[in-house]
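Data first, discussion second: the structure below is written as structure tokens.
We're numbering straight along the sequence, starting at 1.
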Amino acid sequence: MIKLYSSHCPQCEIIEKMLKNKNIDFEIIDNEDIYLDIAEKNGIASMPFADVDGNIINGKNLFNYIKETN
């Protein structure tokens, strides 16, 4: 399952819709106290980002991952 770290910004909403359309299981983490710490530790500067199989990936890489998933 993907953990989607989201601030509910327009980009976050696009990624969420893409995940739903591809029937990819995900959980939204929108608690700022949680995601700001993870973002800082992993050099993430923008939203959204995600934990995919234990790897923290930025929004661009997440977008590509979703597009490539059948």
Please report, to 0.1 Å, the donor-acceptor pairs under 3.5 Å made by any side chain of residues 56-66, with sequence neighbours excluded.
| unit_1 | atom_1 | unit_2 | atom_2 | d |
| --- | --- | --- | --- | --- |
| Asn58 | OD1 | Lys60 | N | 3.3 |
| Asn58 | OD1 | Asn61 | N | 2.9 |
| Asn58 | OD1 | Asn61 | ND2 | 3.3 |
| Asn64 | ND2 | Lys60 | O | 3.4 |

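Note that CE of Met1 is 12.0 Å distant from CD1 of Ile24, once rounded to the nearest 0.5 Å. A distance of 6.5 Å separates CE of Met47 from SG of Cys9, quoted to the nearest 0.5 Å. Atoms CD1 and CG, on Ile14 and Leu19 in that order, are 12.0 Å from each other to the nearest 0.5 Å.
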Worked check of side-chain contact (heavy atoms from CB on, under 4.5 Å) between Ile2 and Asp51: CA-CA 6 Å; Ile2 292 175; Asp51 180 328; over 6 Å; no
Criterion side-chain contact (heavy atoms from CB on, under 4.5 Å) on Leu4 and Glu27, from CA distance to verdict: CA-CA 6 Å; Leu4 176 63; Glu27 162 188 14; over 6 Å; no
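Of the possible polar contacts, one joining the Asn31 side chain to the Asp33 backbone as a donor-acceptor pair under 3.5 Å is found. Within the 3.5 Å criterion, the main-chain N or O of Ile29 finds no donor-acceptor partner in the side chain of Lys3.
Side chains of His8 and Asp30 form a contact here, defined as non-hydrogen atoms less than 4.5 Å apart. For the pair Phe49 and Asn42, the minimum side-chain heavy-atom distance is 4.5 Å or more. Contact of the Ile38 side chain with the Ile34 side chain is registered, since non-hydrogen atoms from C-beta on lie closer than 4.5 Å.
A salt bridge is absent between Glu13 and Lys17: the closest approach of a Lys/Arg side-chain nitrogen to an acidic carboxylate oxygen does not fall below 4.0 angstrom.
For Lys22, the NZ atom is densely surrounded, since the number of other residues' heavy atoms within 6.0 Å is greater than 12.
The two residues Cys12 and Ser7 come nearest to each other via the heavy atoms SG-N, 3.5 Å.
The hydrophobic cluster containing Ile15 also contains Val52, counting ILVMFWY residues as joined when their side-chain heavy atoms lie under 4.5 angstrom apart, directly or transitively.
Applying the ring pair (Phe, Tyr, Trp, His ring centres under 6.0 Å) test to every pair with at least one member in residues 23-42, sequence neighbours left out, gives no pairs at all.
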